[in-house]
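Below is one structure; the comments refer to it alone.
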Amino acid sequence: MEFNDNQPVYPMGVAAQILGVHPRTLRIYEAEELISPYRHGGKRMFSKNDLVRIECLRKLIHEENLSIPGIKKLLDYTPCWKLKDCPHETRQKCCELSGKKKKCWEFSQKTCEKSCKNCEVYLK
DNA sequence: ATTCTCACA
DNA sequence: TGTGAGTA
């Protein structure tokens, strides 16, 4: 009951419908690198975790009056191991990967299994 | 029928 | 953010 949360199951339309947003919005979030849906031959596929993540983003944007660039900024200043206390082992794994280019929250869906770590830090 | 990208209101 | 055009 943990692996299926990261399973890409929803196509654009469905995901947008569930979230009550326009497909355009989701594409924008992706363009802004706030989410990274799976790609199956051009088609975006969202996992359940992607959905909750997006719910967080929308909450931040509307209730906390944060802008897209603002969120990106926060993420830049927020190391993942501060949001969740993962074992040093896992942390090293993260840093290896992140040292490359990726931001930790982008593959957090695979490495760190926290789904919505953003909310914690934002609310503080 | 669906999604994709792009450009514009 | 939302829409429409033109594809694949």
Side-chain angles (χ1 to χ4, degrees):
Chain A
M1 300 216 234
E2 37 164 298
F3 57 90
N4 72 30
D5 282 354
N6 283 317
Q7 219 62 29
V9 286
Y10 306 113
M12 256 271 65
V14 180
Q17 185 174 28
I18 294 176
L19 294 165
V21 301
H22 263 257
R24 185 69 169 67
T25 307
L26 297 182
R27 297 193 179 108
I28 290 176
Y29 288 169
E30 183 192 27
E32 299 292 345
E33 298 182 290
L34 282 125
I35 56 176
S36 49
Y38 294 72
R39 288 286 192 154
H40 240 56
K43 318 293 185 187
R44 295 182 183 76
M45 294 298 284
F46 295 82
S47 67
K48 293 189 176 182
N49 278 341
D50 283 331
L51 298 194
V52 316
R53 183 184 175 71
I54 294 170
E55 284 177 351
C56 288
L57 293 176
R58 296 189 62 71
K59 180 175 182 178
L60 292 174
I61 294 175
H62 292 98
E63 296 182 25
E64 303 294 332
N65 293 309
L66 282 177
S67 62
I68 306 300
I71 296 177
K72 291 171 67 175
K73 213 73 168 181
L74 281 183
L75 291 174
D76 280 338
Y77 292 113
T78 310
C80 56
W81 57 84
K82 282 222 158 187
L83 302 179
K84 59 165 292 181
D85 30 67
C86 45
H88 351 308
E89 186 183 323
T90 305
R91 191 164 83 198
Q92 290 224 315
K93 232 178 187 175
C94 284
C95 294
E96 287 181 24
L97 300 173
S98 61
K100 235 189 168 201
K101 185 250 171 186
K102 283 284 187 179
K103 307 281 170 39
C104 58
W105 60 88
E106 289 181 340
F107 51 73
S108 63
Q109 324 170 216
K110 297 155 188 169
T111 310
C112 324
E113 50 273 23
K114 189 83 186 280
S115 54
C116 193
K117 50 179 177 277
N118 309 302
C119 293
E120 296 184 17
V121 71
Y122 294 157
L123 297 178
K124 289 184 178 179

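Naming convention: chains lettered A, B, ... in sequence-line order (proteins, then strands); numbering from 1 in each chain.
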Q: Output yes when a side-chain donor or acceptor of A/Arg53 lies under 3.5 Å from a complementary backbone atom of A/Ser36, and no otherwise.
A: no
Q) Rounding to a whole Å, what distance do you find between A/Lys43:NZ and C/dT7:C1'? A) 10 Å
Q) What closest approach, in Å, do A/Ile35 and A/Leu26 show between heavy atoms, and which atom pair accounts for it? A) CD1-O, 3.6 Å
Q: Hey, could you give me the CZ/CZ distance between A/Arg44 and A/Arg27, rounded to the nearest 0.5 Å?
A: 5.5 Å
(Q) I'd like to know if A/Arg39 pairs up with A/Glu30 as an ion pair, taking the criterion as any Lys NZ or Arg NE/NH1/NH2 lying under 4.0 Å from an Asp or Glu carboxylate oxygen. (A) yes
**Q.** Minimum heavy-atom distance A/Ala16-A/Pro23, with the two atoms named
**A.** CB-N, 3.9 Å
**Q.** Consecutive-pair stems (3 or more, Watson-Crick or G-U, under 3.5 Å) for DNA chain B
**A.** B:4-8 with C:2-6
Q. What's the verdict on side-chain contact (heavy atoms from CB on, under 4.5 Å) for A/Leu51 and A/Tyr10, showing C-alpha distance, side-chain angles and the deciding distance?
A. CA-CA 9 Å; A/Leu51 298 194; A/Tyr10 306 113; 3.5 Å; yes
Q: Heavy atoms only: give me the nearest A/Pro8-A/Met45 pair and the separation to one decimal.
A: CB-CB, 3.5 Å
**Q.** A/Asp50 to A/Pro37 - nearest heavy-atom pair and separation
**A.** OD2-CA, 4.1 Å
Between the protein and nucleotides 2-5 of chain C, which nitrogen or oxygen pairs are less than 3.5 angstrom apart?
{"residue": "C/dG2", "atom": "OP2", "partner": "A/Thr25", "partner atom": "OG1", "Å": "3.3"}
{"residue": "C/dT3", "atom": "OP2", "partner": "A/His22", "partner atom": "NE2", "Å": "2.9"}
{"residue": "C/dT3", "atom": "O4", "partner": "A/Arg24", "partner atom": "NE", "Å": "3.4"}

**Q.** Whole-Å gap separating C1' (B/dT2) and CD (A/Gln17)
**A.** 13 Å
Q. When you check the phosphate oxygens OP1 and OP2 of B/dT3, does a side-chain N or O of A/Arg44 lie under 4.0 Å from one of them?
A. no
Q.
Output the rounded distance in Å from OH (A/Tyr29) to P (B/dC4).
A. 17 Å
Q: Give the intermediate values and the outcome of side-chain contact (heavy atoms from CB on, under 4.5 Å) for residues A/Ile54 and A/Phe46.
A: CA-CA 10 Å; A/Ile54 294 170; A/Phe46 295 82; 4.1 Å; yes
Q. For A/Arg27, which contact category applies under a 4.0 Å heavy-atom criterion: base, sugar-phosphate, or nothing?
A. base
Q) Where along residues 9-16 of chain A does a heavy atom fall under 4.0 Å from DNA chain B? A) A/Pro11, A/Met12, A/Gly13
Q: Before giving the answer on side-chain contact (heavy atoms from CB on, under 4.5 Å), spell out for A/Ile61 and A/Ile71 the whole-Å C-alpha distance, their side-chain angles and the decisive distance to 0.1 Å.
A: CA-CA 8 Å; A/Ile61 294 175; A/Ile71 296 177; 3.9 Å; yes
Q.
Could you check whether atom CD of A/Gln17 has more than 12 heavy atoms from other residues, nucleotides or ligands sitting under 6.0 Å from it?
A. no
